[in-house]
2 protein chains.
Amino acid sequence: MSEDMLKEALHSLKDTGVRITPQRHAILEYLINSMSHPTADDIYKALEGTFPNMSVATVYNNLRVFREIGLVKELTYGDSSARFDFVTTNHYHVICQECGKIVDFHYPGLDEVEHFASQVTGFNVSHHRMEIYGECPECSGTKEVH
Amino acid sequence: MSEDMLKEALHSLKDTGVRITPQRHAILEYLINSMSHPTADDIYKALEGTFPNMSVATVYNNLRVFREIGLVKELTYGDSSARFDFVTTNHYHVICQECGKIVDFHYPGLDEVEHFASQVTGFNVSHHRMEIYGECPECSGTKEVH
DNA sequence: TTCTTAAATTATAATCTTTATAAATAGTGT
DNA sequence: ACACTATTTATAAAGATTATAATTTAAGAA
């Protein structure tokens, strides 16, 4: 499953003329297997065991490359650092404002908003982003208790 | 019109026990009158004529206070610095990826997404954010020309 | 109005994330 | 295996935001 995704991603690299380096391989693998939404620093720390000499710049550079190819989505929330998400299907995120947990959920049919905006503003729309904010069950629960 | 909004905003400050300082007055006024979506630095620069001694920290501090009260929304896009928007009605933004222009548009009925997400994830949903990305008419135009 | 006190501002430094630079290294096609 | 160029590394720089401590000031009470 995730094997296939990695294979496909590496294929995308080849197709685009982007060299496959061990670092890129590892970053992609980590992004695919990680069910969280890591920051650049998360990735850097996670891989420093395998690549003791890897530089932060490498992580940032490659995340940018992946983003440009469309393999990875960059998510900027209010907090300090950007988060990165391997692109699979069209899903959205619910973010807990208490503990920061991010949960995926699928939701179809938000394309109409794009059409609407395009008509109203005259923009040539390419995509949109949406997130939902609230409190996760755990955090809601702990509050009710005391 | 914008007079009333300012008055109301100042009233909100009083209600919340937040002191009304000349700097806060000026920042609010600027946010209300500015039809753009200024960064903290924009505001700082715009007011340095009136407040030659004002510190950047003051701008940041007060924007945070305004956000906590709910007077102001903080928008984080991919680019380096956050933008701030005085909260009026429920509107969304279309952002030009070429020149960075931000255009408002009103769109109702995205509450269903919140309900949906709430049911699927069990979150206690408070709000959402959505933006649309694309190219503004001007930038699309200049491209078609050459 | 004046006084008092806690809150806000200022000035500055520190922190943190991200990007730029230049030299060294390593993929990839021939 | 070679050559060419992209990539990595190490480091520094830039830019945004926050922390700190001293000074100033808003706002209620006397």
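The analysis underlying the following values was restricted to heavy atoms, covering all of them including side chains, and did not include hydrogens, waters or symmetry mates. Naming convention: chains lettered A, B, ... in sequence-line order (proteins, then strands); numbering from 1 in each chain.
Remark: C1' of D:dT17 and CD1 of B:Ile43 are 14 Å apart, rounded to the nearest angstrom. Distance, B:Phe51 CZ to D:dT25 P: 12 Å, rounded to whole Å. One can place CZ of A:Arg64 at 10 Å from P of D:dT7, the figure rounded to the nearest angstrom. Taking atom NE2 of residue B:His25 and atom C1' of nucleotide D:dT25, one finds them 17 Å apart after rounding to whole Å. For B:Leu75 and D:dT17, the CG to P distance is 12 Å, given to the nearest whole Å. Residue B:Arg67 contributes atom CZ, which lies 11 Å from atom P of D:dT17 at whole-angstrom precision. As rounded to whole Å, 6 Å separates atom C1' of D:dT7 from atom CZ of A:Arg24.
Distances shown here put every side-chain N or O of B:Gln23 at or beyond 4.0 Å from the OP1 or OP2 atom of D:dA26.
Put simply, the side chain of A:Arg83 never gets that close to the backbone of A:Glu74: no donor and acceptor are under 3.5 Å apart. A donor-acceptor contact shorter than 3.5 Å links the side chain of B:Thr121 to the backbone of B:Ala117.
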- Message: B:Arg129 vs B:Lys73, test: side chain to side chain contact (heavy atoms under 4.5 Å, CB included). Steps then yes/no.
- Response: CA-CA 10 Å; B:Arg129 76 175 260 187; B:Lys73 217 190 315 183; over 6 Å; no
- Given the rule in the side-chain hydrogen bond (donor to acceptor under 3.5 Å, both in side chains) test, do A:Ser126 and B:Glu135 qualify, once you have shown the distances and angles that lead to the verdict? CA-CA 8 Å; A:Ser126 72; B:Glu135 253 184 4; over 6 Å; no
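Heavy atoms of B:Asn62 sit under 4.0 angstrom from primed sugar atoms or phosphate atoms, though from no base atom. Among the atoms of the strands shown, base atoms are found under 4.0 Å from some heavy atom of B:Thr58. Using a 4.0 Å heavy-atom criterion, one finds that A:Thr21 contacts the sugar-phosphate atoms exclusively. The residue A:Val18 sits close only to the backbone: its heavy atoms come under 4.0 Å of sugar-phosphate atoms, none of a base. Using a 4.0 Å heavy-atom cutoff across all strands shown, B:Pro22 reaches sugar-phosphate atoms only and no base atom.
A side-chain donor from one of B:Asp42 and B:Thr39 sits under 3.5 Å from a side-chain acceptor of the other.
Within the 4.5 Å cutoff, no side-chain heavy atoms of A:Val18 are placed close to those of A:Phe66. You'll find the side chain of A:Val125 stays beyond 4.5 Å of the side chain of B:Tyr133, heavy atoms only.
Overall bending of the helix from C:dT1-D:dA30 to C:dT30-D:dA1, expressed as the angle between end axes built from five pairs apiece, is 40° (10° steps).
For DNA chain C, the outermost nucleotides in 5' to 3' order that have an atom under 4.0 Å from a heavy atom of chain B are C:dA6 to C:dA11.
Contact check on B:Glu138 versus B:Lys101 returns a salt bridge, with a Lys/Arg side-chain nitrogen under 4.0 Å from an Asp/Glu carboxylate oxygen.
The aromatic rings of B:His37 and B:His93 sit perpendicular to each other, their planes meeting at more than 60°, with 30° as the lower class boundary. Ring geometry, A:Phe116 versus B:Tyr107: the interplanar angle exceeds 60°, so the pair is classed perpendicular (tilted spans 30 to 60°).
Nearest-nucleotide mapping onto DNA chain D: of B:Asn61 and B:Phe84, the residue sitting toward the 5' end is B:Phe84. The nearest heavy atom of DNA chain D to A:Asn53 and to A:Val65 marks one nucleotide each, and the one closer to the 5' end goes with A:Val65.
Closest to the side chain of A:Arg19, from the set D:dT9, D:dT7, D:dA16, is D:dT7. Relative to the side chain of A:Ala57, the nucleotides D:dA16, D:dT9, D:dA26 differ in distance, and D:dT9 lies closest.
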